[in-house]
Amino acid sequence: MAQLLDSSSFRALPDEQHQAEEDRLLLQRRVAEAFVPIVRGFLLPAMVYYALISIAHFFGETGVEQIILTGMPIATVALALYLLRSLRGDLSHGKLELISLSMHLAMYANTVAYLSIHLEAHKLVYFVLLILVISTSAVSARVIIFGSAISLATMIWLAHKAGPDILLQYAFIGLAGGFAALGMAWLMRTAILRAVAARTMADDLRRKAEVLADFDTLTGLPSRHSFFLSFNRALTHAVVAKSGFHMGILDLDGFKPVNDIYGHVTGDRLLVEVAERLRAALPDDCFLARLGGDEFALIVPDTPLRSEVLMLGERMCSAMRDPFILGNLSITISASAGFAHCPTHGDRASQLYERADHALYSAKRAARGDVVVFSSRHEAEMKDVGRVDQTLRNCDFSKEMSLAYQPQIDINTSRTIGFEALARWNSPTLGSVSPSAFIPAAERSGLIERMTAVLLHKALSTATTWPQEVKLSFNLSAVDLVSPRSIGTITHIVRESGIAPSRVIFEITETAVMTDFERARESLELLAGMGCLIALDDFGSGYSNFGYINRFPLHKLKTDRNFVLRLREDDGVGGNILRAIADLSANLGIECLAEGVESDFDLEAVRAAGIYQVQGYYFGRPMDGLDSMNYLQAESHRLAS
């Protein structure tokens with residue numbers, strides 16, 4: 001278990017000098033990969049040509065000439081076969097360069113041998129053809145220059161032997177052929193190198209985005225993304241090895257006033273010190289990560305006793321009570337922690353996280369700075385959630401469920417490009433219920449498919465009142481994505497609505513996709529196939545691998561709103577992440593929208609990051625269908641005036 005959770009590799013960002021050397025080697029490897037099919041395509045016809053030439057010389061020559069002019073092409077065919085076999089597997093740039101040079105020299109030797117025996121002036125043009133072949137198939141510029149130079153020099157020398165008139169004629173032919181060959185080589189190599197550079201840049205942007213996702217650049221701790229990867233590995237290991245571990249969440253008490261009073265720079269310095277103290281308080285086999293803000297999470301392997309976990313939590317919280325000396329400031333805060341045990345309190349990530357979070361909530365509710373391990377009492381408290389489940393089962397979706405619409409704006413044109421439909425539930429029994437409560441309840445109870453169908457009907461009905469260019473964004477749950485029945489219902493509703501499918505954007509989350517990736521991909525391909533658009537919501541907040549992005553149809557990335565919130569911390573991280581996501585979107589050829597824009601500062605920072613579609617309270621809070629129509633009319637009048 002300790003090996004699975006070793007966080008030493010997450011303690012620092014990759015060394016820049018080492019990364020630069022890796023990038024250089026990667027570029028060389030990519031160039032070699034680009035030239036492999038060119039070299040292979042050159043060797044195959046050359047091999048066939050010299051095989052036929054050897055037959056022609058065998059029947060057309062006699063004596064020593066027959067031996068030379070037949071033997072050399074056969075040797076060239078054998079060389080070509082050997083070089084073709086050498087193209088298998090990973091090739092370095094130098095080895096590929098040597099392969100092409102070897103074949104070029106063999107072709108040169110054949111040409112020289114033939115013209116030495118049969119010096120005919122008009123056949124000196126073979127050298128010009130050889131220069132063209134070298135220029136279009138050589139891997140490097142030095143091979144092109146070397147091969148062209150010796151070919152041109154040999155042609156001039158043989159032309160000189162043929163007489164002054166031939167020399168003058170082939171001097172001009174060689175000059176023209178050389179310039180043409182170099183021009184062709186320059187054009188082809190430029191195109192190849194640009195393609196390689198574009199691919200390398202895209203990989204570099206992806207790598208940078210992955211680094212930003214894997215590391216918390218402020219504290220150097222693993223990020224939320226990395227934590228959940230390790231969390232899932234620990235769960236798998238616990239099931240296989242029939243072992244256990246504790247998962248904990250630690251939250252700082254009194255951190256927000258530090259930011260408000262002393263500013264975010266001081267708050268960031270405090271978080272760095274907090275991370276250092278937590279590292280010092282924890283054993284080496286514990287995995288510590290920063291989830292975001294002032295919240296940290298840890299995995300404690302092979303600690304079965306409740307008392308041991310309480311002692312560990314108390315040691316961490318005690319380390320937070322000592323004053324933090326930051327320059328001339330002495331800052332005092334505290335921390336609360338909640339723990340849950342696997343498998344006692346669950347064997348799934350969602351179960352354990354929910355119970356650890358509930359324990360943390362209990363610790364804060366009872367007394368700040370406390371440590372709580374989840375227990376049967378907390379389990380009973382959580383059962384109150386069952387009230388929502390039970391009430392939802394008796395809900396009249398058509399009457400009690402409604403939608404609010406939040407505008408999405410193109411800041412270049414200041415026009416509304418769409419609305420996101422947000423589910424609302426006003427229960428006669430419970431009153432207004434938060435979506436964060438009733439949507440998970442609907443998924444747990446299997447009612448989400450009925451809810452989705454009712455809400456999609458209502459959303460599409462409202463969308464018919466909007467201008468044709470205004471799109472509707474509608475959220476799909478994980479259950480919807482993996483249910484063929486639900487996807488079939490959704491496609492039927494869209495077709496029957498009379499709205500162009502291209503006006504409908506279905507929003508999904510990384511977590512929803514990763515529930516059952518293959519089935520989710522099939523569902524998304526079906527929706528995209530009928531013309532609907534797909535947006536990946538809360539991008540960067542989930543824990544799926546970036547390599548999955550290009551494996552399903554995607555038309556838009558929506559950044560997690562926390563990245564915009566981080567812009568106000570003035571640490572540069574939020575802006576860096578947004579720029580990386582904007583660059584990634586551009587390289588993937590898809591749109592990018594930033595959520596959580598609530599001020600002029602947010603808007604300008606998002607614009608500076610290269611994102612031009614936004615959503616947030618700055619432009620409008622969620623509104624009902626009638627208000628959305630009025631909103632669009634007011635916007636039209638404003639832009640027309």
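Atom set for the values below is all heavy atoms of this structure, side chains included, hydrogens, waters and symmetry mates excluded.
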**OP:** Flag the pair P501 / V504 as yes when at least one side-chain heavy-atom distance between them is below 4.5 Å, and no otherwise.
**Re:** no
**OP:** Could you check if a side-chain atom of L271 sits within less than 4.5 angstrom of a side-chain atom of R290, using non-hydrogen atoms only?
**Re:** yes
Original post:
Who passes side chain to side chain donor-acceptor pair (under 3.5 Å) against K556, sequence neighbours left out?
Top reply: Q613
**OP:** Decide whether T266 and R269 meet the rule of one side-chain donor and one side-chain acceptor closer than 3.5 Å.
**Re:** no
Original post:
Does any donor atom in the side chain of T489 or E449 lie under 3.5 Å from an acceptor atom in the other side chain?
Top reply: no
Original post:
Is the shortest side-chain N to carboxylate O distance from E420 to K558 below 4.0 Å?
Top reply: yes
Original post:
Got V239 and L235 here, is their nearest side-chain heavy-atom distance under 4.5 Å?
Top reply: no
Subject >> R485, CZ atom: more than 12 neighbouring heavy atoms under 6.0 Å >> reply: no
Original post:
Does any non-hydrogen side-chain atom of D602 lie less than 4.5 Å from one of Y618?
Top reply: no
Subject >> Inter- and intrachain pairs under salt bridge (Lys or Arg N to Asp or Glu O under 4.0 Å), touching residues 488-503, at least two apart >> reply: none
**OP:** Grab the two heavy atoms, one from A582 and one from G610, that are nearest each other, plus how far apart they are.
**Re:** CB-O, 4.0 Å
Original post:
Which residues satisfy the side-chain contact (heavy atoms from CB on, under 4.5 Å) test with N412, sequence neighbours excluded?
Top reply: D410, R607, Y612
Original post:
Do you see a donor-acceptor pair shorter than 3.5 Å between the side chains of D538 and T509?
Top reply: no
**OP:** With rounding to the nearest 0.5 Å, note down the distance linking CD1 in I249 to CZ in R355.
**Re:** 12.5 Å
**OP:** Decide side chain to side chain contact (heavy atoms under 4.5 Å, CB included) for L527 and S523; before the verdict, give the C-alpha distance in whole Å, the side-chain angles of both, and the deciding distance to 0.1 Å.
**Re:** CA-CA 6 Å; L527 293 173; S523 298; 5.5 Å; no
**OP:** Using a 4.5 Å cut-off on heavy atoms from C-beta on, say whether the side chain of V494 contacts that of I499.
**Re:** no
Original post:
Considering all heavy atoms of both residues, which atom of E635 and which atom of S414 are nearest to each other, and what is their separation?
Top reply: OE2-O, 3.7 Å
Original post:
What closest approach, in Å, do L632 and P467 show between heavy atoms, and which atom pair accounts for it?
Top reply: CD1-CD, 3.6 Å
**OP:** Of all the heavy-atom pairs spanning F438 and L392, show the shortest one and how long it is.
**Re:** O-CD2, 3.7 Å
Subject >> 4.5 Å side-chain heavy-atom contact, V597 and I409 >> reply: no
Original post:
Between F474 and A421, which heavy-atom pair has the shortest distance, and what is it?
Top reply: CD1-CB, 4.2 Å
Original post:
Going by an N to O cut-off under 4.0 Å, is there a salt bridge joining R519 and E522?
Top reply: no
**OP:** Give me the ring orientation class for F228 and Y353: parallel if the planes are under 30° apart, tilted from 30 to 60°, perpendicular past 60°.
**Re:** tilted
Original post:
Do D357 and E295 have side chains that get closer than 4.5 Å, going by heavy atoms?
Top reply: yes
Subject >> Short side-chain to backbone donor-acceptor contact, H555 and I534, under 3.5 Å >> reply: yes
Original post:
So, for I590 and L554, which heavy atoms are closest and what is the spacing to 0.1 Å?
Top reply: CG2-O, 3.2 Å
Subject >> Close side-chain approach of F227 and P222, heavy atoms under 4.5 Å >> reply: no
Original post:
Got a sec: does the CZ of R415 have more than 12 other heavy atoms crowding it under 6.0 Å?
Top reply: no
**OP:** Start with the C-alpha gap between F506 and L481, add the side-chain angles, then the distance that decides, and say whether side chain to side chain contact (heavy atoms under 4.5 Å, CB included) holds.
**Re:** CA-CA 11 Å; F506 287 107; L481 283 178; over 6 Å; no
**OP:** Assign the ring pair W466 / F419 to parallel, tilted or perpendicular, where the plane angle (0 to 90°) is split at 30° and 60°.
**Re:** tilted
**OP:** May I ask you to establish whether R621 and Y617 are in a cation-pi arrangement, using a distance under 6.0 Å from NZ or CZ to the six-membered ring centre and at most 45° from the ring axis?
**Re:** yes
**OP:** Show the numbers, then the answer: is there a side chain to side chain contact (heavy atoms under 4.5 Å, CB included) between D294 and D251?
**Re:** CA-CA 6 Å; D294 59 349; D251 190 80; 3.4 Å; yes
